[in-house]
Amino acid sequence: FEWLVCIVGYVRRGRSMNVASSRYAEEPPRRRCRRCRSKSVVRARKNKKRRPDHQDDPHVLPHPRAFPPRPPTLFEAYVATQNFLPRHEQAALFQCLRTPLPLHFRIRSQRAWDTFPPTARVRATGPPACFAVAADPCEWDAPFRAWWHLQSRTPGALSRQELVSLVPVWLLGVESHHAVLDLCASPGSKTTQAVDALYGNAMVDTPATNHNQKSQTRPTGFCVANEIDAKRAYILAHRCRETLQDRGASVAVTCHNATKFPNVLAPLVKEPKNASSSSSSLRPAQPYDRIICDVPCSGDGTLRKDSKVWHTWHPSYGMELHPLQVRVAKRGLALLKRGGIMTYSTCSFHPLENEAVVAALLATGCGQLVSAAPLLERANVRSLYHRSGLTQWKVLDDDLKEMDPTTDAPSTLWPPTDPHIAQELTKCVRLVPHDNDTGGFFIAVLQKVADFPVVVVRQTARPAAAAPAKLVTPPASHHQLSRMDHDDPNGDDDDDDNLVHFTRSPTGAQCSTYYAVSANLAAHLKEQVGSAKLNLVYAGFKNKRNKKLAPAAS
């Protein structure tokens, strides 16, 4: 019996060796590793068996334990209820929103541009030096990965900014002599882009060895970036200082409520209204040529970056933000010069935050919409597919039931009844994610054609005693700059003549740092009749001085 068992064992062993040798002879050698038996891997393999690849094959039967279809979220049900996308495109939109967003960046440095690998697998997104790459770094090729790790650590070499976020500044057409205001500036990508546009989108050399170098002509225009939250305003100032470097001489950061942003051309003291005063004397001038109005929104266009919006979004969120957005946009339009251009933008699909706000601005008669197609062509952005704005929409509550216009909700939520305003809304721009592999965005370009009316209340009888002068806006009590009486703090004759130097300290003699600000921005911050109303957080670029100098009177 033992002899028989040995023979059977030898036979089985030889058969297994022959099978193994033939298998390895046919297939190329590969690394043999231990099979992972974790629960997640086993579960994934079972799920793959339940979902066959050949769904359309009639010979493959569905698994009896296949997963039931996922119920639609509230956002998906809302999109299906509205009419801004056809039925056959909604599935493509939802599928695109569940994929990661590509990495978009803009090259600012000449050194980074010269060393950019020509074989990199990137996609050009519009004007030169704007590219998009896969979100997963594992898909990058080796030359681009090495270039990215080097340039991303160089301050000011690259600017990470999504493609749809670049479009509003492109549409503004900022030139070197324009005064630009960013009402809701944080985190500061549009502010950086606007300052680069003031310099003609020319490349910079980073790191800058001399802040006062004359290699580029300093523009006469400037940019004022505003943020309501103090903490975010300081983060915005830090980003502008690190990214813009010597170009920071043309930017200032303020902390104000955007609905009450002060007009520096308006006096601090109200003039008394009498019979001889006219409406023109009561209306101050407007200080800005271009305004970026990127208002707070519900953020459903950022679903590819922030997946929790799928569960937190609800229709009434946009309804709650609508009055605030109207007030911010009206304040921006009031600060704009006649003939100036303002872009109103949101990262939302909600028509109550987009077309409804623009219709409320058009109803004032102070602005008109500008078609975006020729502006995009002028900015060399011809490959960006965009859709027109809506003329009709539904006002829905959280239960997706249509609301009655007779409720206490603002009347501006519903579509306009004026056919001319409804036709003008088609000039708005809607950027849908699956059209260009981007996020969702809405943009409206408005040009100011008239000032807001001034209501003059005439008194029939003169009061017994004249009322004391009343301050329109109290002057800011912090972050004030004192001008230095010496134009050359470091004793260098090669300094830029278009720079004005300030210091934080009222005495200046004991201060070791100074701030270099462009001349026109310095006049805007310190020499206007209402400049004292600005709550200044940061202005110019910081530099060290070699000797103590006494400041002039501020």
Side-chain angles (χ1 to χ4, degrees), residues 72-94 97 164 293 295 297-301 303 313-326 329-330 333 343-373 385-435 439-446:
T73 60
L74 185 60
F75 173 74
E76 292 174 325
Y78 179 83
V79 172
T81 306
Q82 295 288 357
N83 59 351
F84 64 86
L85 265 185
R87 291 289 182 180
H88 64 276
E89 293 190 33
Q90 294 178 7
L93 170 65
F94 300 145
L97 289 175
V164 293
C293 187
V295 297
C297 61
S298 58
D300 49 6
L303 283 166
W313 186 88
H314 51 89
S316 61
Y317 193 16
M319 197 180 307
E320 296 168 0
L321 289 173
H322 174 82
L324 173 64
Q325 293 165 341
V326 172
K330 284 186 176 180
L333 201 60
T343 55
Y344 173 84
S345 58
T346 65
C347 51
S348 173
F349 302 103
H350 209 316
L352 304 186
E353 305 177 63
N354 300 333
E355 285 86 359
V357 177
V358 177
L361 296 177
L362 295 178
T364 61
C366 300
Q368 64 180 6
L369 282 173
V370 181
S371 180
Y385 181 78
H386 59 277
R387 302 168 186 254
S388 58
L390 305 179
T391 58
Q392 295 293 328
W393 59 86
K394 301 177 182 178
V395 182
L396 306 177
D397 56 9
D398 289 343
D399 297 329
L400 299 183
K401 296 181 179 179
E402 194 166 357
M403 296 181 59
D404 190 1
T406 59
T407 58
D408 296 335
S411 59
T412 53
L413 292 174
W414 279 266
T417 56
D418 189 352
H420 175 69
I421 296 180
Q423 182 63 27
E424 284 288 306
L425 291 179
T426 58
K427 297 180 181 179
C428 299
V429 176
R430 277 183 169 267
L431 298 173
V432 186
H434 65 277
D435 289 340
F441 218 73
F442 172 85
I443 309 168
V445 185
L446 296 108

Side-chain touch [X]/[Y], heavy atoms, less than 4.5 angstrom:
{"X": "M403", "Y": "W414", "answer": "yes"}
{"X": "L413", "Y": "P405", "answer": "no"}
{"X": "L369", "Y": "T426", "answer": "no"}
{"X": "T391", "Y": "P415", "answer": "no"}
{"X": "K330", "Y": "L361", "answer": "yes"}
{"X": "V357", "Y": "H322", "answer": "yes"}

Next on the checklist: Quick check: closest heavy atoms across A356 and T412, and the distance to 0.1 Å?
Outcome noted: CB-O, 3.5 Å

Checklist entry - Of all heavy-atom pairs between P433 and G439, which one has the smallest distance, and what is that distance? => result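 For P433 and G439, the tightest heavy-atom pair comes out as CG-C, 3.9 Å.
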
Next on the checklist: Take a 6.0 Å sphere around CD of E320 and say whether it holds more than 12 heavy atoms from other residues, nucleotides or ligands.
Outcome noted: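 Enclosed: over 12 neighbouring heavy atoms sit under 6.0 Å from CD of E320.
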
Next on the checklist: Can you confirm whether more than 12 heavy atoms, excluding those of K394, are under 6.0 Å from its NZ atom?
Outcome noted: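 Open: at most 12 neighbouring heavy atoms sit under 6.0 Å from NZ of K394.
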
Next on the checklist: Enumerate the salt bridge (charged side-chain N to carboxylate O under 4.0 Å, His left out) contacts for residues 402-416, please, sequence neighbours excluded, ordered by first and then second residue.
Outcome noted: none

Those residues that, when tested against [X], pass side chain to side chain contact (heavy atoms under 4.5 Å, CB included) (two or more places apart):
{"X": "P416", "result": "A359, W393, I421, A422, L425"}
{"X": "H386", "result": "L376, V429, L431"}
{"X": "H420", "result": "D418, E424"}
{"X": "C293", "result": "L183, V295, V328, A329, M342, Y344"}

Next on the checklist: Could you check whether any side-chain N or O of D397 sits under 3.5 Å from a backbone N or O of D399, counting only pairs where one atom can act as donor and the other as acceptor?
Outcome noted: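 Yes: the side chain of D397 pairs with the backbone of D399.
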
Holding to side-chain hydrogen bond (donor to acceptor under 3.5 Å, both in side chains), I want the full list of residues that pass it with [X], two or more places apart in sequence or in another chain.
{"X": "S411", "answer": "none"}
{"X": "W313", "answer": "D300"}
{"X": "Y317", "answer": "none"}
{"X": "D398", "answer": "S316"}

Which distance, rounded to the nearest 0.5 Å, do you find between the [atom1] of [X] and the [atom2] of [Y]?
{"X": "S298", "Y": "M319", "atom1": "OG", "atom2": "CE", "result": "11.5 Å"}
{"X": "C297", "Y": "H350", "atom1": "SG", "atom2": "NE2", "result": "11.0 Å"}
{"X": "L396", "Y": "K401", "atom1": "CG", "atom2": "NZ", "result": "11.5 Å"}
{"X": "L321", "Y": "L352", "atom1": "CG", "atom2": "CG", "result": "10.5 Å"}
{"X": "F441", "Y": "S348", "atom1": "CZ", "atom2": "OG", "result": "10.5 Å"}

Checklist entry - Which of parallel (below 30°), tilted (30 to 60°) and perpendicular (above 60°) describes F75 and F349? => result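 Answer is tilted, since the angle falls between 30° and 60°.
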
Donor-acceptor contacts under 3.5 Å from residues 85-92 side chains, at least two apart:
| from | atom 1 | to | atom 2 | distance (Å) |
| --- | --- | --- | --- | --- |
| R87 | NH1 | A80 | O | 3.3 |
| R87 | NH2 | A80 | O | 3.2 |
| E89 | OE1 | R387 | NH1 | 3.4 |
| E89 | OE1 | R387 | NH2 | 2.6 |
| E89 | OE1 | H434 | NE2 | 3.2 |

Checklist entry - Which pairs, with at least one residue in residues 354-370 and sequence neighbours excluded, count as a side chain to side chain donor-acceptor pair (under 3.5 Å)? => result T346-N354, E355-R430

Next on the checklist: Working note: V79 + F84, criterion side chain to side chain contact (heavy atoms under 4.5 Å, CB included); need CA distance, chi angles, decisive distance, verdict.
Outcome noted: CA-CA 8 Å; V79 172; F84 64 86; 3.9 Å; yes

